[in-house]
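I have placed the structure first, in the form of structure tokens, so that the comments after it can refer back to it.
Below, chain A is the first sequence line, B the second, and so on; all start at residue 1.
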There are 2 protein chains.
Amino acid sequence: MHKQEVTIYDVAREAKVSMATVSRVINGNSNVRKETRERVEAVINRLHYQPNAVAQGLASKKTTTVGLIVPELTNLYFAELSKGIDDIALLYKYNIIISSIENRLMKEDEVIQSLLNKQVDGVIYMSNRLPDKVANAFKQTNTPVVLAGTKDNRDEFASVTIDYQKADTEALNLMYNDGKKNLAIVVGDPDTVVNKDNRIPAYRKFLADHDIAEEHIYTKINNYSDGYNLYSQLEKDGVDGVIVTRDVTAVGILNSVMDAGKNIPKDLEIITASATQIASVVRPALTTIKQPLYDMGAVAMRMLTKLMNNEEVDGIHVQLPYELLKKQSTLNQ
Amino acid sequence: MHKQEVTIYDVAREAKVSMATVSRVINGNSNVRKETRERVEAVINRLHYQPNAVAQGLASKKTTTVGLIVPELTNLYFAELSKGIDDIALLYKYNIIISSIENRLMKEDEVIQSLLNKQVDGVIYMSNRLPDKVANAFKQTNTPVVLAGTKDNRDEFASVTIDYQKADTEALNLMYNDGKKNLAIVVGDPDTVVNKDNRIPAYRKFLADHDIAEEHIYTKINNYSDGYNLYSQLEKDGVDGVIVTRDVTAVGILNSVMDAGKNIPKDLEIITASATQIASVVRPALTTIKQPLYDMGAVAMRMLTKLMNNEEVDGIHVQLPYELLKKQSTLNQ
DNA sequence: ATGAAAGCGCTAACAG
DNA sequence: CTGTTAGCGCTTTCAT
């Protein structure tokens, strides 16, 4: 970067006003006479002046930039959340610094620290774990944070989610009513708040409520091939209905079932807990708990703008409605 | 953002050195005596000092931030490119400001201008169109730009791509050798450089070389349902082999064919030109021109780091090798 | 090897 | 409504 060619000072000189007035014009401050404003604007256009956001940031202590923490870039679940975030960010003129934390090159807290050093005004956090170190960094720098599509057991961070327990219960119930009694749940990391405190308890409660003794919880099933390989186990365990948290995992199971010459949904019903595009284009199409991902992102970002401006927010834990979308991987259509 | 609690000045005072020396320590300048360095580092750790990147940016005129322009967030093609970019960016300690331009709320050049105002050190551009206004903005601000997975007819911007003409020719040839003589090409925007100057010419040349008179070029087919709806037309036109640029579009065609009770690849062969995960999990799996998306992103970002540091680059137009990956949507497996 | 001092480009009291 | 004056927190000559 070379020295900036035209600065606020040049505009001031050409328009025969002080920098302060130019600054007022830029920032839409109403305390400027119409004539003056127009004269300044004319000069701005003539010189093609563009304010230096870094200097603005240093002087005003606001960067109009928010950080986005995402576990993986190549996961449509986060991409769809991000889209909602991005639209609202654009609306409120915030830029987004995105940081994926899947990379083991740098530890998560270093990634977040580097974000904080950039003086972001706020953070949307989509990872399903929030280590103490990271939480402390947020608190120390007094940076507003909103969790999107995930939860934390500390109550202090705002969040936007769905009612995972209710959704899972409803999904299990659907399969149960289809006559499936040997139900299973397939998750990735069993220790995340969403899994440990919501999904798995809901599953266990369902079993208890229906006097089912045998529990089938499969953990650390993270991707397509994990799903594909899991089916032989499911078959061995006599599972006839399964709820899967990641849809690409569900597709792995789906393909495995079909390759084994079995039938979906007759031999196995599948319900996936996140409805990204991938769940709807495979055949048979997957019945899903349709989370309103775009809206969740949008609501999270909107809430963040309020927190950044110290506005009132009514309730920092928002739950949005989901929909149980019946497709071809369950019987009762 | 409140006033920063601990600044370089505090560290200087506590360590009994000048700000200049602290700055040298932070930036790894070797002109600091070992003892002094250690004393300063001790204070930095004790006070938990973190440099303010905004102030650094203003003073040094480098923000260690790059801009990423992406057409859509929810497209795995760009997501996989982005992952390669992100990994290399992390390696060289750059942050990424991502801007999607799918949003019609703000015009593209405004989005780019806002990025430039943030004083990004460079830009990776993934949109398939580069308007004059945008190109001029890049030139005026002297910001290095690398196009990733796309081309521009101006020769001035660096790019990382594959040889689209060669790839398409090879794909067409595969289908031709399978006995398919009524070949078609399906694209989105027909006026992008990649389509207009590469894919479509390659298709036409193939027809000419094989004395095929009838041309089937379908344009503005952008998404799953466009693809799904297109099949009736393809059938009417007697098309028996098709090359599709977007894989989700290809999946639309695929499902439409199957719903019509036809067979893939017997009745229709499909080759998709971008191998994202979605192409590999559907059944039948799609034969694809496998672009090395991750590598393309990584190479683009590496090249950008060189441009930002005024280092030598040998050739600003890089073509990476692709692979024609035969799956179940073509006969000759 | 270290320090003093002058900015980087802008905002924000404060005064008038 | 407008100008003056301090900074914001850091880097970077230029001396020494």
Checking D/dC10, C/dT11, C/dG9 against the side chain of A/Asn52 (C-beta onward), the nearest is C/dG9

Rounded distance (Å) that lies between atom C1' of C/dC8 and atom CD of A/Glu5: 14 Å

Check salt bridge (Lys or Arg N to Asp or Glu O under 4.0 Å) between B/Glu41 and all other residues, then give those that pass, not counting sequence neighbours. none

Hey, which of these two, A/Ala20 or A/Val54, hits DNA chain C nearer its 5' end, going by closest nucleotide? A/Val54

Looking at A/Glu108 and A/Lys133, does any basic side-chain N land under 4.0 Å from a carboxylate oxygen? no

Go through the structure and list residues passing side-chain contact (heavy atoms from CB on, under 4.5 Å) with B/Asp197, not counting sequence neighbours. B/Val193

Set of side chain to side chain donor-acceptor pair (under 3.5 Å) partners for A/Glu102, sequence neighbours left out: B/Lys83

List for me each residue that meets side-chain contact (heavy atoms from CB on, under 4.5 Å) alongside A/Val43, sequence neighbours excluded, and say none if there are none. A/Val11, A/Glu14, A/Ala15, A/Arg46, A/Leu47

Counterpart residues, side-chain contact (heavy atoms from CB on, under 4.5 Å), relative to B/Arg302 (two or more places apart): B/Ile88, B/Tyr92, B/Thr305, B/Lys306, B/Glu311

Do B/Thr141 and B/Thr143 have side-chain atoms, one donor and one acceptor, less than 3.5 Å apart? yes

Taking the nucleotide of DNA chain C with the nearest heavy atom to each, does A/Thr7 or A/Arg24 sit closer to the 5' end? A/Thr7

Does D/dT11 have its OP1 or OP2 closer than 4.0 Å to a side-chain nitrogen or oxygen of B/Ser23? yes

B/Asp132: side chain to side chain donor-acceptor pair (under 3.5 Å) partners, not counting sequence neighbours: B/Arg154

Whole angstroms only, please: what is the CG-P distance between A/Leu58 and D/dG9? 7 Å

With no hydrogens and no angle check, do the side chains of A/Tyr125 and A/Asp152 hold a donor and an acceptor under 3.5 Å apart? no

Here the distance between atom P of D/dC10 and atom NZ of B/Lys62, to the nearest Å, is 19 Å

I need the CZ-C1' distance between A/Arg33 and D/dG3, as an integer number of Å. 13 Å

So which nucleotide from C/dG9, D/dT11, C/dA4 ends up closest to the side chain of B/Lys61? C/dG9

Once you round it to whole Å, what is the distance between P of D/dG9 and CD of A/Gln119? 9 Å

Considering just the side-chain nitrogens and oxygens of B/Thr36, establish if one lies under 4.0 Å of OP1 or OP2 belonging to C/dT2. yes

Among the nucleotides D/dC8, D/dT2, D/dT11, which one has an atom lying closest to any side-chain atom of B/Ile26? D/dT11

Residues in residues 8-19 of chain A with a heavy atom under 4.0 Å of DNA chain D, by number, are A/Lys16, A/Val17, A/Ser18

Under 4.0 Å, heavy atoms only, any strand: does B/Thr21 hit a base, just the sugar-phosphate, or nothing? sugar-phosphate

Please give the angle, rounded to 10 degrees, between the axes at the start and the end of the helix from C/dA1-D/dT16 to C/dG16-D/dC1, where five pairs define each axis. 30°

Separation of atom CG in A/Asn27 from atom P in C/dA12, rounded to whole Å: 7 Å

Take atom CZ of A/Arg39 and atom P of D/dC1, then tell me their distance rounded to the nearest Å. 14 Å

Set of side-chain contact (heavy atoms from CB on, under 4.5 Å) partners for A/Lys107, sequence neighbours left out: A/Asp109, A/Glu110

Atom pair distance, as rounded to whole Å: CD in B/Glu38 and P in C/dA1: 14 Å

